J.: 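Structure provided below as structure tokens; questions to follow.
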2 protein chains.
Amino acid sequence: MIQIDLRSREPIYEQLIKNIKELIFSGVLKTDEKLPSVREIARQLTINPNTIQKAFKALETEGYIYSARGRGHFVMSMKENKSAEQSLVILNQIKELIKEANYIGISKEDILTIMGSVYTDSVTERGELSDTD
Amino acid sequence: MIQIDLRSREPIYEQLIKNIKELIFSGVLKTDEKLPSVREIARQLTINPNTIQKAFKALETEGYIYSARGRGHFVMSMKENKSAEQSLVILNQIKELIKEANYIGISKEDILTIMGSVYTDSVTERGELSDTD
DNA sequence: TAACTGTGTTATATTATATAATACAGTTAA
DNA sequence: TTAACTGTATTATATAATATAACACAGTTA
């Protein structure tokens with residue numbers, strides 16, 4: 001479920017953050033679904049529980065998961081609870097990358113293709129109407 | 001020209017990399033234009049020359065600038081010297097951010113607006129005849 | 001030549017990252 | 001209630017990353 005590259009220069013806890021975000025964005029982990037426990041992930045990946053805890057805490061601060069003492073960590077509902085400030089941060093990061101893409105010669109069409117693959121015109125969204133799971 | 005936040009958790013040399021990239025992408029620094037010297041930037045920002053050198057070396061490795069011993073660092077021409085691999089890296093980073101944007105409820109239109117502001121069409125829109133940058 | 005430029009080295013200090021070993025508190029199911 | 005799970009917190013230790021300091025050497029330019 002989660003894969004870490006121990007030889008990477010990128011800190012493990014940051015890899016965990018990216019990894020779990022990806023699972024949430026892709027719908028593998030749905031709202032209120034329980035994440036594996038700190039100790040469970042630590043066992044599976046053979047890394048220290050404190051490192052998992054650090055990643056979970058960051059994800060909680062960012063509003064992507066919430067924790068319940070004694071029960072575990074769960075995926076936060078993403079209805080309308082994201083701050084405008086966070087949206088601006090994301091949009092600015094996208095802008096910087098698009099500037100770079102433009103500079104190195106990546107076509108506008110290539111980016112539009114990616115847009116299309118993410119913002120699907122499909123009616124079903126994030127499992128709300130989905131009965132396939 | 002270059003601004004650094006010494007209290008930021010982001011390493012100084014990474015801030016420098018972003019900052020100089022921004023100057024290149026925005027056209028403030030043009031092809032073959034000379035950058036301020038390592039010691040000059042170090043004086044202005046009151047940070048260590050080695051830190052500037054580290055940022056310059058990274059920018060050189062990425063292909064954004066080149067160096068000439070005894071003369072200085074200069075902006076690399078971006079005609080057709082970017083590797084396909086680097087394009088894939090950038091496109092993947094954009095995709096990840098767009099996924100996150102989609103998840104937190106940012107509209108497709110918001111991103112298209114940004115696209116438009118970066119990939120300016122030759123045809124002027126809304127009667128605007130000049131960009132503000 | 002003098003004053004720039006890049007580049008490299010060594011040393012030191014601080015911070016970031018990761019592990020290890022515990023301890024305590026709340027939840028859940030047998 | 002108890003056992004086994006959860007999150008959370010602390011302290012200690014080790015390593016890597018980051019940044020500074022003080023140089024030295026080489027190439028360029030006016």
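Chain letters run A, B, ... following the sequence lines, proteins first, then strands; residues in each count from 1. When reading the values below, keep in mind they use all heavy atoms of this one structure, side chains included, and skip hydrogens, waters and symmetry mates. Quick caveat: nothing in here was measured; it's all calculated off a predicted structure.
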J.: Let me know the distance between CG of B/Leu45 and C1' of D/dT18, rounded to the nearest Å.
T.: 17 Å
J.: Please state how far atom CG in B/Asn48 lies from atom P in C/dT10, giving the value in whole angstrom units.
T.: 17 Å
J.: Nearest whole angstrom, please: distance from the P of D/dA19 to the NZ of B/Lys54.
T.: 6 Å
J.: Over how many whole Å does the gap from B/Ile4 atom CD1 to D/dT18 atom C1' extend?
T.: 14 Å
J.: Specify the closest pair of heavy atoms between B/Tyr103 and A/Met76, including all atoms of both residues, with the distance to one decimal.
T.: OH-O, 3.7 Å
J.: In whole angstroms, how far is the C1' atom of D/dC25 from the CZ atom of B/Arg39?
T.: 11 Å
J.: For C/dG8, does OP1 or OP2 lie under 4.0 Å from any side-chain N or O of B/Lys57?
T.: yes
J.: Send over the distance from A/Tyr13 OH to C/dA18 P, rounded to a whole Å.
T.: 7 Å
J.: Is the B/Phe25 ring parallel, tilted or perpendicular to the B/Tyr64 ring (thresholds 30°, 60°)?
T.: perpendicular
J.: Looking at B/Ser37, I'd like to know whether one of its side-chain N or O atoms comes within less than 4.0 Å of OP1 or OP2 on C/dT5.
T.: yes
J.: Name the pairing partner of D/dA30, where a pair is Watson-Crick or G-U wobble with both distances under 3.5 Å, or state none.
T.: C/dT1
J.: How long is the line joining CZ of B/Arg43 and P of C/dC4, in whole Å?
T.: 7 Å
J.: Given B/Ile2, which partner from the list B/Leu23, B/Leu35, B/Ile52 fulfils the side-chain contact (heavy atoms from CB on, under 4.5 Å) test?
T.: B/Leu23
J.: Quick check: on DNA chain C, is the nucleotide nearest A/Pro11 upstream (toward 5') of the one nearest A/Gly70, or the reverse? Name the residue that is more 5'.
T.: A/Pro11
J.: Return the nearest nucleotide to the side chain of B/Arg71; candidates are C/dA18, D/dT29, C/dG6.
T.: D/dT29
J.: Looking at C/dT7, I'd like to know if its phosphate oxygens (OP1 or OP2) sit under 4.0 Å from a side-chain N or O belonging to B/Ser67.
T.: yes
J.: Tell me the closest heavy-atom pair linking B/Val38 and B/Pro49, and the distance in Å.
T.: CG1-O, 3.3 Å
J.: Are A/Tyr66 and A/Asp32 linked by a side-chain donor-acceptor pair shorter than 3.5 Å?
T.: yes
J.: What is the distance, rounded to the nearest whole Å, between atom CZ of A/Arg7 and atom P of D/dA16?
T.: 16 Å
J.: Which comes earlier along DNA chain D counting from the 5' end, the contact point of A/His73 or that of B/Glu10, where each point is its nearest nucleotide?
T.: A/His73
J.: Mapping B/Glu40 and B/Asn50 onto DNA chain C by nearest heavy atom, which one lands closer to the 5' end?
T.: B/Glu40
